[in-house]
J.: 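Have a look at this one before I ask anything.
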Amino acid sequence: MTKEFFIMWLKAAGIRALKTFAQAAVAAVSVSAALDEIDWLRILSVAAVAAVCSMLTSVAGLPELDRLP
């Protein structure tokens, strides 16, 4: 693995993880709001775990990088 490929992988995986973080946070806020109690620390924790899982899943491969010449 070259340094350039690793940098591209890190960027693509980071973008996916950030999107996953945001999606998990929105979902958790929606559920919490329905229960009339928003626990921000728990929401951030759930979103952070989702982002870590996304990064680990990206190790298996990223479709964005498969299309590179």
Side-chain angles (χ1 to χ4, degrees):
M1 179 185 303
T2 65
K3 181 179 178 182
E4 292 81 20
F5 181 81
F6 179 72
I7 291 171
M8 288 186 305
W9 179 89
L10 194 58
K11 183 178 178 183
I15 289 169
R16 279 181 167 244
L18 184 60
K19 289 179 181 180
T20 301
F21 180 92
Q23 291 167 346
V26 167
V29 167
S30 300
V31 170
S32 295
L35 298 174
D36 293 331
E37 185 177 318
I38 297 178
D39 182 355
W40 290 105
L41 183 58
R42 182 168 290 164
I43 289 169
L44 292 175
S45 297
V46 167
V49 169
V52 169
C53 289
S54 174
M55 288 295 287
L56 293 174
T57 302
S58 294
V59 171
L62 292 168
E64 299 91 334
L65 300 182
D66 291 342
R67 289 177 271 176
L68 293 177

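Please read all numbers here as calculations on a predicted model, not as lab measurements.
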J.: Could you go through Phe21 and Val52, starting from their C-alpha distance and side-chain angles, then the distance that decides it, and tell me whether this counts as side chain to side chain contact (heavy atoms under 4.5 Å, CB included)?
T.: CA-CA 9 Å; Phe21 180 92; Val52 169; over 6 Å; no

J.: Honestly curious: do Met55 and Phe5 fall in one hydrophobic cluster under the side-chain, below-4.5 Å linking rule?
T.: yes

J.: If two hydrophobic side chains count as joined below 4.5 Å and joins carry through other members, does Met8 share a cluster with Phe6?
T.: yes

J.: At what distance, to the nearest 0.5 angstrom, does CD1 of Ile15 lie from CG of Leu10?
T.: 10.0 Å

J.: Does any pair with a residue in residues 13-28 pass salt bridge (Lys or Arg N to Asp or Glu O under 4.0 Å), and if so which ones, sequence neighbours excluded?
T.: Arg16-Glu64

J.: Show the nearest heavy-atom pair for residues Ala12 and Leu62, with the distance to one decimal.
T.: CB-CD1, 3.7 Å

J.: Determine the minimum heavy-atom distance between Ile38 and Ala33, stating which atoms define it.
T.: CG1-N, 4.1 Å

J.: Side-chain heavy atoms under 4.5 angstrom apart, residues restricted to Ile, Leu, Val, Met, Phe, Trp, Tyr: same cluster for Ile7 and Leu65?
T.: no

J.: Say whether, by atom type as modelled, one donor and one acceptor occur between the side chain of Ser54 and the main chain of Ala50 under 3.5 angstrom.
T.: no

